[in-house]
Chemist: 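One structure, pasted below without further comment.
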Amino acid sequence: MTYLDRLRALKSEKGPPPHTDKTDKTSTGVGYVSFDGARGTPLSEISSPLRRTLSALESACPELVPGDRWRRCVEDGRRFLAAWGEQADALGWTAKDLFGLHQPPATPHPSYSRLSRYDEIGLIWLLQGRPVAALTEATAAIQSSTGAITIYRRHNKPALGPVGDSLDDLEPPFGGNAA
């Protein structure tokens with residue numbers, strides 16, 4: 001069962017989604033997403049579809065995803081939802097935009113990885129421990145440990161590199177047609 005199948009099953013169930021033991025509880029019983037040891041946004045205030053997706057993802061590693069990358073994604077997802085969950089929901093970011101994965105072929109090659117298709121995976125899979133510094137309707141700014149910023153585009157993600165970055169665009173003798 002894939003994590004998206006578990007998400008669909010959670011949608012059909014009554015009651016709150018399951019939580020992991022890594023969720024803090026206050027004396028009032030309200031769960032908080034942990035953010036570097038500090039209390040973050042209450043789980044009840046995070047967009048329900050985003051919270052349900054994270055809960056489904058927490059329950060098991062998706063097929064054809066390395067375990068270390070899955071654990072990192074779960075932690076990054078908690079941190080992101082604590083810091084940006086409300087704004088992401090208001091800006092229209094969907095569960096697929098944040099947690100999406102490439103649909104594997106029927107018989108994947110042994111070297112196949114669901115994380116190899118940048119144009120098909122969600123933002124959280126790309127964070128790898130790096131924080132989001134800014135979030136807009138169309139982009140997220142990911143900050144590296146050196147302070148450099150990488151821009152993630154929610155839409156129009158090129159599958160094979162930046163648009164216009166083709167050997168056909170180069171002048172001879174480096175590429176293109178010599179005619």
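Count residues from 1 along the sequence.
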Chemist: Does the R69 side chain pair with the main chain of P66, one donor and one acceptor, at a distance under 3.5 Å?
Modeler: no
Chemist: For Q128, does the CD atom have more than 12 heavy-atom neighbours from other residues, nucleotides or ligands under 6.0 Å away?
Modeler: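 For Q128, atom CD is crowded (more than 12 foreign heavy atoms under 6.0 Å).
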Chemist: What I'd like to find out is whether the side chain of D89 reaches to under 4.5 Å of the side chain of E86, using heavy atoms alone.
Modeler: no
Chemist: Report the relative orientation of the aromatic rings in Y152 and Y118; use parallel for angles under 30°, tilted for 30 to 60°, perpendicular for over 60°.
Modeler: perpendicular
Chemist: Looking at I149 and A141, what are the two nearest heavy atoms and their distance?
Modeler: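 Taking I149 first and A141 second, the nearest heavy atoms are CG2-CB, 3.7 Å.
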Chemist: Say whether, by atom type as modelled, one donor and one acceptor occur between the side chain of R114 and the main chain of Q103 under 3.5 angstrom.
Modeler: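 Not confirmed, R114 side chain does not pair with Q103 backbone.
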Chemist: Closer than 3.5 angstrom, by distance alone: can the side chain of R130 be matched with the main-chain N or O of L126 as a donor-acceptor pair?
Modeler: yes
Chemist: Does the side chain of C73 reach to within under 4.5 Å of the side chain of L57, using non-hydrogen atoms?
Modeler: yes
Chemist: Check whether any side-chain N or O of Q87 sits under 3.5 Å from a backbone N or O of L135 as a donor-acceptor pair, and report yes or no.
Modeler: yes
Chemist: Can you tell whether the side chains of R72 and E75 come within less than 4.0 Å, N to carboxylate O?
Modeler: no
Chemist: Check the hydrophobic clustering (I, L, V, M, F, W, Y; side-chain heavy atoms under 4.5 Å; chains of links allowed) and say if I121 and L64 are grouped together.
Modeler: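 No, I121 does not connect to L64 through the hydrophobic network.
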Chemist: What's the shortest heavy-atom distance between A56 and S59, and which atoms?
Modeler: O-OG, 2.6 Å
Chemist: Backbone N or O of R154 within a donor-acceptor pair of the D97 side chain at under 3.5 Å?
Modeler: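 A pair under 3.5 Å: no.
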Chemist: Specify the closest pair of heavy atoms between P62 and W70, including all atoms of both residues, with the distance to one decimal.
Modeler: CD-CD1, 3.4 Å
Chemist: With sequence neighbours left out, what residues match T139 under side chain to side chain donor-acceptor pair (under 3.5 Å)?
Modeler: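 By the side chain to side chain donor-acceptor pair (under 3.5 Å) rule, T139 matches T136.
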Chemist: Could you pull out the closest heavy-atom pair between G100 and W125, with the gap in Å?
Modeler: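 Looking at all heavy atoms of both residues, the shortest contact is O-CD1, 3.4 Å.
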Chemist: In the structure I gave you, are the side-chain heavy atoms of L101 and L115 within less than 4.5 Å of one another anywhere?
Modeler: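 Contact flag for L101/L115 side chains = yes.
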Chemist: Calculate, to the nearest 0.5 Å, the distance between atoms CD and NE2 belonging to E120 and H102 respectively.
Modeler: 5.0 Å
Chemist: Between L127 and I142, is there a side-chain heavy-atom distance shorter than 4.5 Å?
Modeler: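 Yes, close enough: below the 4.5 Å cut-off.
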Chemist: At what distance, to the nearest 0.5 angstrom, does CD1 of I124 lie from CZ of F80?
Modeler: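 I124 atom CD1 to F80 atom CZ measures 5.0 Å (nearest 0.5 Å).
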Chemist: Less than 4.0 Å between a side-chain N and a carboxylate O, is that true for D68 and R71?
Modeler: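 Salt bridge absent between R71 and D68.
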Chemist: Ignoring hydrogens and geometry, is there a side-chain-to-backbone donor-acceptor pair from W93 to L98 under 3.5 Å?
Modeler: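 Pair absent, no side-chain N/O of W93 close to backbone of L98.
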Chemist: Considering non-hydrogen atoms only, spot the tightest contact between A140 and V132 and give its length.
Modeler: CB-CG1, 4.4 Å
Chemist: Indicate the atoms forming the closest heavy-atom contact of L50 with T94, along with that distance.
Modeler: CD2-C, 3.9 Å
